[in-house]
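Below, all heavy atoms of this structure are taken into account, side chains as well, without hydrogens, waters or symmetry copies.
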Amino acid sequence: MGCPPDIINARNSLGVTLKEFGKTQEAESVYREALRDAASKHFDDQPPILTLRHNLAVVLRIQGNLDEAEKEQSAIMEIQKRRLGPDHPETFAARLSLARILDDRGAAAEAETAYRQLLSGCTRVMGREHRQTLSIWGNLAFLLGDQGRFTEAEAEYRDALEACQKTLGDDHPETLTMNHNLAMALGNQGKLAEAIARFNDVVERRTRTLGPSHSETLAARKNLSEGLSRARQAPSTADQFKNVTEGYEHTHDANRDSTR
């Protein structure tokens, strides 16, 4: 018996939720079971199946199973190019996944080339402020920073942040991630005054939108503390480290209570 589309969609949503909670093994099992159940009624190139295959490949990449992830994403990309053309968002998505796999393999030069080609294509087709363009931009900037090319990373983050603010607003999680990473690039160049100001802004906005004990709020506060320490602002540093410690303790207590 085949798998109806609504069940495929439900399983896909379950897999996404499991992945977001870090339960990648369970997500993989959900995706594989859904693909097995759908095999008798659906072709591998139908949109619901392609979504399952793509999400399975993403989970495999996160787990470090890069060979299988690359094989799956390459197959998806060829199908999308044939069905939708080389400049369709779904084709770009598969290409981005392949670029990330190159990045994970440590093939920095090849990954950078892939990101730049994608950035050019997405900007041409969908505009510099499209969500997909912004995602590619962030990946390119992160790669540059990861290679110690902080000046180049800073330039990319500044442009991408401006586009994020215009499209998504100052409080959007992607905007805040871009601003946080820009602050990191600045700090790595010794531009501490601007880095601290940006970390402060991210901490304030994440505290207001996510809460003081959210992991992303605490990560920004920790980096703010380190920036203040490097700038020798001792009293402010002590206050920030105290807030980070209390936040992690609160998170630990909440997690412990939720498992009783």
Side-chain angles (χ1 to χ4, degrees), residues 3 5-38 47-66 68-70 72-73 76 89-90 92-101 103-104 130-139 141-143 146 160 164 167-169 171-181 184 202-203 205-223 247-248 250-260:
C3 192
D6 56 339
I7 294 181
I8 292 177
N9 292 334
R11 289 183 175 179
N12 189 38
S13 297
L14 173 59
V16 169
T17 301
L18 290 168
K19 184 201 74 173
E20 290 176 350
F21 279 94
K23 299 181 178 182
T24 57
Q25 294 288 347
E26 293 177 48
E28 178 188 353
S29 297
V30 168
Y31 289 136
R32 290 193 186 280
E33 182 181 359
L35 286 167
R36 281 195 301 270
D37 290 348
I49 305 305
L50 287 172
T51 299
L52 283 172
R53 294 177 67 186
H54 170 79
N55 288 338
L56 171 61
V58 169
V59 166
L60 292 171
R61 180 183 68 81
I62 293 170
Q63 292 174 342
N65 189 348
L66 300 182
E68 188 177 356
E70 182 176 26
E72 193 67 18
Q73 291 290 10
I76 292 168
E90 295 296 335
F92 285 138
R95 288 176 59 191
L96 177 57
S97 293
L98 287 168
R100 285 173 172 159
I101 291 169
D103 201 344
D104 288 349
H130 191 276
R131 292 284 295 273
Q132 200 165 19
T133 306
L134 296 175
S135 177
I136 296 164
W137 218 339
N139 277 275
F142 190 89
L143 172 67
D146 203 39
C164 275
T167 303
L168 305 172
D171 287 345
H172 192 278
E174 290 183 34
T175 303
L176 294 177
T177 295
M178 207 74 76
N179 199 17
H180 178 271
N181 290 347
M184 293 289 290
V202 172
V203 167
R205 292 180 187 280
R206 283 182 172 171
T207 299
R208 176 162 42 79
T209 59
L210 300 175
S213 300
H214 192 279
S215 60
E216 292 187 3
T217 306
L218 296 174
R221 195 179 290 279
K222 177 176 178 292
N223 287 321
Y248 279 124
H250 180 270
T251 302
H252 173 74
D253 290 342
N255 289 339
R256 183 179 61 191
D257 289 344
S258 69
T259 58
R260 287 178 180 170

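- Interatomic distance, NE2 of H214 versus OG1 of T209, reported as 8.5 Å (0.5 Å rounding).
- In this structure a side-chain-to-backbone donor-acceptor pair under 3.5 Å is missing from T217 to S213.
- Contact record, M178 with C164: CE-SG, 3.7 Å, taken as the closest heavy-atom pair.
- Nearest heavy-atom pair, R221 versus T207, reported as atom, atom and distance to 0.1 Å: NH2-OG1, 3.6 Å.
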Show your reasoning for whether side chain to side chain contact (heavy atoms under 4.5 Å, CB included) applies to I62 and K19. CA-CA 9 Å; I62 293 170; K19 184 201 74 173; 3.9 Å; yes
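- R61 is linked by a salt bridge (charged side-chain N to carboxylate O under 4.0 Å, His left out) to D104, counting only residues two or more places apart in sequence or in another chain.
- Within the 3.5 Å criterion, the main-chain N or O of V59 finds no donor-acceptor partner in the side chain of T24.
- Smallest separation of non-hydrogen atoms from T175 and G169: OG1-O, 2.8 Å.
- A pairwise comparison of heavy atoms in A69 and L60 identifies CB-CB, 4.0 Å as the closest pair.
- With rounding to the nearest 0.5 Å, the separation of CG in N12 from CG in L52 is 5.0 Å.
- Side-chain contact check for H180 versus R206: some heavy-atom pair is nearer than 4.5 Å.
- Within the 3.5 Å criterion, the main-chain N or O of L18 finds no donor-acceptor partner in the side chain of E26.
- Side chain of E72 to backbone of L56: no donor-acceptor contact under 3.5 angstrom is found.
- Residues A94 and I76 come closest through the heavy atom pair CB-CG2, 4.3 Å.
- Here the CZ-CD distance, from R53 to Q73, works out to 9.5 Å after rounding to the nearest 0.5 Å.
- D37 is listed as a side-chain neighbour of R11, based on a closest heavy-atom distance under 4.5 Å.
- Expressed to the nearest 0.5 Å, how far CZ of F142 lies from CE of M184 amounts to 8.5 Å.
- Between the CG atom of N139 and the CG atom of L134 there is a distance of 11.5 Å, given to the nearest 0.5 Å.
- In terms of heavy-atom proximity, I49 sits nearest to A38 at CD1-CB, 3.6 Å.
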Derivation and outcome, side chain to side chain contact (heavy atoms under 4.5 Å, CB included), residues L168 and R131: CA-CA 9 Å; L168 305 172; R131 292 284 295 273; 3.2 Å; yes
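- For Y31 (side chain) and V16 (main-chain N/O), a donor-acceptor pair under 3.5 Å exists by modelled atom type.
- Between the S29 side chain and the Q25 main chain, a donor and an acceptor come within less than 3.5 Å of each other.
- Not counting sequence neighbours, the partners of R208 by the salt bridge (charged side-chain N to carboxylate O under 4.0 Å, His left out) test are D171, E204.
- Annotation: side chain of T167 is not in contact with side chain of H130 (no heavy-atom distance under 4.5 Å).
- The CD1 atom of I7 sits 13.0 Å away from the CG atom of L14 when rounded to the nearest 0.5 Å.
- Partners of E68 under the salt bridge (charged side-chain N to carboxylate O under 4.0 Å, His left out) rule, at least two apart in sequence or in another chain, are R32.
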